[in-house]
There are 2 protein chains.
Amino acid sequence: MKALSKSKAATIYEVAQHAGVSIATVSRALRDSDLVTAATRARVRAAVEALNYTPNQLGRSLAEGRHAANGIVFPDLTGPYYAEVVLGYEEAASELGRSVLILATHRRRDAEAAVLDLAGRVDGLAVMGNTVGDDTVRAIAATGTPLVLLARPPVDGVDTIRTRNERTATALADHLVAHGHRRFVFAGDPEAAPDMAGRYGGLVKALRAHGLPKPELRPCAYDVEAGESVGRELMADPPDAVVCANDEVALGVHIAAEAAGRSVPEDLAVTGWDDVLAARFAGLTTVSQPMRELGAIAARWLDGRIGERNAGPERAAPRRRVLPTQLVVRRSCGSHPAETPNPLGGTA
Amino acid sequence: MKALSKSKAATIYEVAQHAGVSIATVSRALRDSDLVTAATRARVRAAVEALNYTPNQLGRSLAEGRHAANGIVFPDLTGPYYAEVVLGYEEAASELGRSVLILATHRRRDAEAAVLDLAGRVDGLAVMGNTVGDDTVRAIAATGTPLVLLARPPVDGVDTIRTRNERTATALADHLVAHGHRRFVFAGDPEAAPDMAGRYGGLVKALRAHGLPKPELRPCAYDVEAGESVGRELMADPPDAVVCANDEVALGVHIAAEAAGRSVPEDLAVTGWDDVLAARFAGLTTVSQPMRELGAIAARWLDGRIGERNAGPERAAPRRRVLPTQLVVRRSCGSHPAETPNPLGGTA
DNA sequence: GACGGCAATGAAAGCGCTTTCAAAGTCGAA
DNA sequence: TTCGACTTTGAAAGCGCTTTCATTGCCGTC
C-alpha cells in the first residue's frame, strides 16, 4: 500500500493528479484558503498523505518572493557569548516564522564572499563583531537586504545594537581603585573589536579621573591560552590588577598566576568580562551582558525592516541601541569582608 | 554615477540588457563557464558592478534542483556541548559549499512541524539527541532527504553517530571504586536521552562487577540549578560519590555540597561529563568528547549521501559510528598524591 | 423561465535562474 | 571561393510553487 516512490520527492502536480484537481486547488487547500470545499480539501489531504508530499520550499519561496529565512554572521561559537546571542536570535526568528542560517567566519579567508553569498539566501541579516568590513556591510545594504549590526561599529544607514562597555568598565575600574589597586594592566586588544576598545577606554578614563597612570596595554587573543601567556609574562613583576578583555583571558591569567605561586586576589586582582560559567567557579569578578536579548532584538528589528521594505520605500531612520551590562563582583578583585558565605556565589 | 535602484534587487535580465547580451550569457559568465569570450565576460562583469547585482539564490537553487544548504536540529545552545557540535558541523559544511540552517527545539511545542519544515529547505539534515521522535525521523527519511542522527538512538535505515558512553562510564566507575568509594548516586535521567542511559548503564555494570550495590538514581534536569537541588537533598546523608550526567549538574552538586559545609573530594566525590571550561576551575573529574568532530563527520556523511542520491538509487547500507571519549581525572574524585602541581590542570 | 450573483475550480502567467538545443559567426583547408 | 568544423551566443523550456483572472455550475430572484 505504501506508495513510496523510488527517491524523487513528489511535486504538487502529482498530488493534483492523484486528487483529481488542479495544482491551484492543491496549493489553496494546503494554505488553508477558504476558497476550497471541505470535501476537496479532504481529497487533497488524502493525496498528500498517500504520496508523502512535502511542498518544495524553493518553489514556494521563489513564487512568494521571500526566503522566510534570516542569517546571522559571527566569528565563532566557542565560549558562551556568541552561542547565547545566536540562540536568542534563533528563538525570536523562529517565533516570527523565519528559519535561521548561520555563518562562522573564523578560520576562513573568504569570509567576505561567504557573507555576500549568505546575504543572497535570506530576507535579513545580522552581522556580529569582528567578522567583515564596512565595505561588505555597505554592499549588502545597497542591495536592499535589511541588516543589523551587533557589537560592531555602526555603518551609515544601518541599524546597530551594542552592549554597554565604557561605562561599566569605568565602574569596574572605580571598584578596583577603591580596593586600593594602583598599577593596572589591560589584557586584550582594543584594536581588535569595538567592544574591547570600549572596555579599554572606560578603564583609561576612570584611571585618569583618579589621577592614576594609564594602564599598561598587553594585546592578546581572546582565549585561555593567550591569557596564560600574558599572565606568565606579567608574573615577573606583577601589577596590582589585571583587567582582562574577557573571562577566558582572565581565567588564563589566573592560571598563570597560581602556577607562578601568586594568589588571586591577595597578590594581584584579576577581572574578566562576560560572566561565563567558569567565572563563577574561579571566583572571578566580571561583567554580565544580556546576550540572548541582544540576539532577540536583532531578529525583531530585522523582521520589522523586512516588513517596511515590502510595504514601501519610506524607510525609517537607522536605529541605535545600547543594552545595559552589569558588574558582577566576586573574590578576584580583592577581599570583600561582608561577602556572602558561599564562596562560589556572586553579587551584582 | 551610482545607479542604485530604489530598493528592488536587480535581476539577471537587467544585467543582460545592460551588457547587451542574453541572460544565458550572463549566467555563463558568472559561473565561469569557458563558453564565453574574455571580452563578453568583462562586459558582464561591468554590468554586474554597475547594477550591484547579486544572483538570487532561490532562482538558482530551483533551477539546479539543490538547496546548497544543510540543516541541524539540536535542543539548545547553552553550554558548550551543542555549540561545539554545531560549530564543527558548520565548518565542515561550509567547506563543502553548503550553508547551514539551525533549529533549536527546546521551549517550543511544535518541534516536529518545525523540523519537517526545515527538512524541506535543505539537501540534508542532522538531528541531535532529544529533539524529535522516530516518527518524524522516518517521515523525513521517506521523502528521500538524507539524514544523520547524532547522539540519538538509531532508526532503521538512517546513519547514526554517537560518542562512547557506557565503556567510559565503566572506566570512570572503576576509578572511583579504586578510590575506595562504595556508595554511589547517579544524578541525571537515563530516560531523557540515550547518552544518559549509556552513562548510567556503564556505572551500573561496573558496580555490579565490583560486587557493589546499584547506584541510587536521582533523575534531574541538566543544568546547574538542578544539580544544586539534588545536591541539597543529598547532603542530609551524603553518599561516597555522586556521578552526574553532565558537568553542569556536577557543578551544581559541588556548590550545594560546599554550601552545606562538606568538601569535595574529602567528604564526597563528584564527577561530571563533557569537560566544560568551568570543570577545569572546579577541579572536576569528567569526560571529554570530540564534539567538533561529531559535527564535522555528520556534515561529511551527509555530503556523501547527497552525492549518492543524485548519482542513482543504489543506496549504501546505513552507517553507524561511535566516537571515543576520554576520562579526565581531576581533584573531585578523590586525592591523587602524584598529581601535577598545578591545581587547575587535568590529566587524561 | 431567464438572469444576475456568487462559490468553487482551472488555466496560465510568472518568480529568477540554469541548461539544452539551435543558430550565427569565424576560421582554415581544399 | 566554398565548405565543414568549431566557437560563441541566443531562444526557450523548465525547476515547483503562488496567484490572478477566467470559467463553470449553482442558487435565488423577479
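Each chain gets a letter, A, B and so on, in the order the sequences are listed, and its residues count up from 1. Since the model is a prediction, treat every value here as computed from it, not as a measurement.
- Note on B/Arg28: a base of the nucleic acid sits closer than 4.0 angstrom, heavy atoms only.
- Each of A/Leu58 and B/Gly20 lies near DNA chain D, and the nucleotide nearest B/Gly20 is the one positioned closer to the 5' end.
- Every residue two or more places apart in sequence or in another chain was checked for a salt bridge (Lys or Arg N to Asp or Glu O under 4.0 Å) with A/Arg300, and none qualifies.
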- Under a cut-off of 3.5 Å for both distances of each Watson-Crick or G-U pair, what dot-bracket string does DNA chain D give, using [ ] for crossing pairs and | for inter-strand pairs? ||||||||||||||||||||||||||||||

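- C/dG16 atom P lies 14 Å from atom CD of B/Gln57, rounded to whole Å.
- Under the side-chain hydrogen bond (donor to acceptor under 3.5 Å, both in side chains) criterion, A/Thr131 pairs with no residue at all, not counting sequence neighbours.
- Within the structure, salt bridge (Lys or Arg N to Asp or Glu O under 4.0 Å) contacts touching residues 139-157 of chain B (residues at least two apart or in different chains) are B/Asp134-B/Arg152.
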- Query: Under the side chain to side chain donor-acceptor pair (under 3.5 Å) criterion, do B/Thr160 and B/Arg321 qualify, and how do the steps go?
  - Reply: CA-CA 6 Å; B/Thr160 307; B/Arg321 178 113 142 229; over 6 Å; no

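- Take A/Ser61 and apply the side-chain hydrogen bond (donor to acceptor under 3.5 Å, both in side chains) test, not counting sequence neighbours, and it matches no residue.
- Not counting sequence neighbours, the partners of A/Arg138 by the salt bridge (Lys or Arg N to Asp or Glu O under 4.0 Å) test are A/Asp135.
- Residues passing the side-chain hydrogen bond (donor to acceptor under 3.5 Å, both in side chains) test with B/Arg292 are B/Glu84, sequence neighbours excluded.
- Among residues two or more places apart in sequence or in another chain, the side-chain hydrogen bond (donor to acceptor under 3.5 Å, both in side chains) test is passed with A/Asp195 by A/Asn165.
- Rounded to an integer number of Å, the gap from B/Glu14 CD to C/dC17 C1' is 14 Å.
- At least one side-chain nitrogen or oxygen of B/Ser27 sits closer than 4.0 Å to the OP1 or OP2 atom of C/dT18.
- Just one residue in the list A/Arg98, A/Glu90, A/Glu91 forms a side-chain contact (heavy atoms from CB on, under 4.5 Å) with A/Ser94, and that residue is A/Glu90.
- Taking 4.0 angstrom as the limit, B/Arg60 places none of its side-chain polar atoms (N or O) nearer than this to OP1 or OP2 of C/dG16.
- Distances shown here put a side-chain N or O of B/Thr40 below 4.0 Å from the OP1 or OP2 atom of D/dT9.
- When rounded to the nearest whole Å, the span between CD1 of B/Ile12 and C1' of D/dT9 equals 14 Å.
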Listing time: all N or O pairs from protein to nucleotides 12-15 of chain C that are below 3.5 Å?
from   : atom 1 : to      : atom 2 : distance (Å)
C/dC15 : O2     : A/Ala63 : N      : 3.3

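- Look at B/Thr25 and you won't find any side-chain N or O under 4.0 angstrom from OP1 or OP2 of D/dT8.
- The shortest distance between the side-chain N/O atoms of A/Arg41 and the OP1/OP2 oxygens of C/dA8 is not below 4.0 Å.
- Atom P of nucleotide D/dT20 and atom CZ of A/Arg31 are separated by 11 Å, given to the nearest angstrom.
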